[in-house]
Number of protein chains: 2
Amino acid sequence: MVTKARSTPRREDSLSRDRIIDASIELLDSSGEGGLTFRALSERLATGPGAIYWHIAHKSDLLTAASDTIIARTVAATVVGATPQATIRALALGMFDAIDAHPWVGSALASAPGQLPIVRIVEGIGQQVHAMGVPDRQQWAAVSALLSYILGVGGQNAANSQFARTQGIHRADFLQGLSTAWSQLDAAEYPFARSLAGQMRTHDDRADFLAGIDFILSGIASQQSRLAKNVVTT
Amino acid sequence: MVTKARSTPRREDSLSRDRIIDASIELLDSSGEGGLTFRALSERLATGPGAIYWHIAHKSDLLTAASDTIIARTVAATVVGATPQATIRALALGMFDAIDAHPWVGSALASAPGQLPIVRIVEGIGQQVHAMGVPDRQQWAAVSALLSYILGVGGQNAANSQFARTQGIHRADFLQGLSTAWSQLDAAEYPFARSLAGQMRTHDDRADFLAGIDFILSGIASQQSRLAKNVVTT
DNA sequence: ACCTGAACACCGTTCAAGT
DNA sequence: ACCTGAACACCGTTCAAGT
C-alpha cells in the first residue's frame, strides 16, 4: 500500500470532489443546465471558484462526473429480466426515466462520447447482446444501434425540457404548442408532419420509446436468423 | 399582394438574414461550434453585433437557421429509391454524411426539437413510412424511432469531432485514443466494453450506421406482419 | 496541500444615438 | 427602416497570495 487514508481531515465538511459533484447535481436539478455555474456552485459550497479547480479539471469534467453518478445508479438498479431482451428493455427504460428526472443528463451524455458513463451503458447492453448469441463481429453494430437510439431519445427529451424551462412553461405545454404549430404547417409541403400533429399530442412518450427498442431488438434477432440460414444453405 | 418587393436596396451587399446565415455556416465549418460568435460574425460581415440582431432574434435562432440550410439541401438531394425502405436508407445516409461534413449540425439539431429542420426530416421519413403501409396509429412510433436513431448517431459524431477539435487532433486519432482507453478498462468490471475496443478501431462508421437503420426497418416490418396475422387469426 | 478572491479574456444581448 | 458601437451583466479559467 503506497497510498494511505488521509489522517484527520482538516474539517468535517471540507471540500472534496464528491461534495462538489453532489452540489452540482442539486444545482442542475433545481435550475437546469444553465444553473450550473462556478460562481453559483462556489457560493453553495461557501468557497471561491478557484477552490473547485483544485478538485475538478474543468466544467465538462464536472458535467461528466455528475452524469456518471446518475448513470451508475441507474445501471446498478436495473433488474435482470427473464431474457436478455427483457433486461435490455429494463435498462433502456431506466435510462429513459433517469433522463426524464434529470434532463441535463441527456445533453451531458451527448457531449461525453466514450467517457465513463457511456462505458457503463455499453457494458450493460453489451453483456445482454452477448447473451442473445449475437456473433462477435456483429456485436458492435447491435450495441451501438441501441446506444445511439437511447442517446437520441434522451437528447430530444432533454432539449424539450430545457426549451420549456427557458420559456418558463411546463414540458407538456411546450409539446402542446409544438403540436399546434405542426398542425398549421403548409398542407402541400408537409402533409405528413401535419397529419402527425394529432398523434404528437396524444402519444405516450415512454411506450413509443420502448417500441423503438423493440424494433431494434427484433431487427437484431431477424438478422441472426438470416445469418443462421446462410450457414445452413451455403 | 400586400407586401411588395423592396425597391432599390440601399447597397448591393447590404445585410440580410441570408447573408448572415451563409457567413455563420462558413464560420461554423471553419472554426467549429465555438467559432460562431456575434463578434466574429459581425467582423466578417463588416458591421457591429447590434446589426445582426435586427435580422436574427438570438443565437439559437441563428444556429437553427444554419442547420436548416444544410438539412433542406440534404433532403432535397435525396434520391428516391426503388422501395420506401431504400429511400429511407438514402435519406438517412444523406443525413449521416451531412453531419459528418458539418458536425455542428449534429448538436444544433439536438437542441432544436420540433423546429423546421426536424420537420423536414420527419416529412421525408414519414412519407416513406406511410408508403410502407404502416398503419396510421403506428406511424409516429416508427418515424420517431428512425429520427431518434439518426439524431443519436449524429450527436455522437458531432461530439467526437468537437472533442478532437478542442484537442487539436483529428477525429480518427481521437477515436484511436478512445479505443486504447477502452482496452485498458478493468477486466473484471467492464469485460464487454474492453473486448469491444478492437472492433471500435476497425469498424466502419457508415456501415454500422446503416446496419442500425436496417435493424429498425426490419423491426417495423416484422411488427406489421405480426399485426396482419392478428387480424387474420382473431 | 488546499483555499481565497481578484483579475483576465471572453461571451450574448441591449439600447441610445445616428443615417 | 436599418445600422453603429459602447455598455451591461454575465461567463470559465488562472494565479499570486495566503494558511
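In the text below, chain A, chain B and the rest are named by the order of the sequence lines, each starting its count at 1. Values in this document were obtained by computation on a predicted structure and should not be read as measured data.
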**Fill in**
Side-chain contact check for R39(B): nearest option of dT13(D), dC8(D), dT4(D) is dC8(D)
**Request:** Looking only at side-chain atoms of A51(A), point me to the closest of dT13(C), dA1(D), dT4(C).
**Result:** dT4(C)
**Asked** Are a donor atom and an acceptor atom from the side chains of S107(B) and E33(B) found within less than 3.5 Å of each other?
**Response** yes
**Prompt:** Quick one: are Q184(B) and T180(B) in side-chain contact, heavy atoms under 4.5 Å?
**Reply:** yes
**Prompt:** When you measure from the side chain of F38(A), which nucleotide among dG5(C), dG12(D), dG12(C) comes out closest?
**Reply:** dG12(D)
**Message:** By nearest atom, which of the nucleotides dT4(C), dC11(D), dG5(C) is closest to the P49(A) side chain?
**Reply:** dG5(C)
**Message:** Looking only at the side chain of H55(B) (C-beta and beyond, no hydrogens), which of the listed nucleotides dG12(C), dC3(D), dC3(C) gets closest?
**Reply:** dC3(D)
**Request:** Pick base, sugar-phosphate or nothing for L36(B), based on heavy-atom distances below 4.0 Å to the nucleic acid.
**Result:** sugar-phosphate
**Message:** Of the options dC3(C), dG12(C), dT13(D), whose atoms approach the side-chain atoms of Y53(A) most closely?
**Reply:** dT13(D)
**Request:** Ignoring the backbone of W54(A), work out which of dG12(D), dC11(C), dA1(C) is nearest its side chain.
**Result:** dA1(C)
**Request:** Would you mind reading off the distance between I56(A) atom CD1 and dC2(C) atom P, rounded to a whole angstrom?
**Result:** 13 Å
**Message:** Nearest whole Å is fine: how far is dC3(D) P from L45(B) CG?
**Reply:** 10 Å
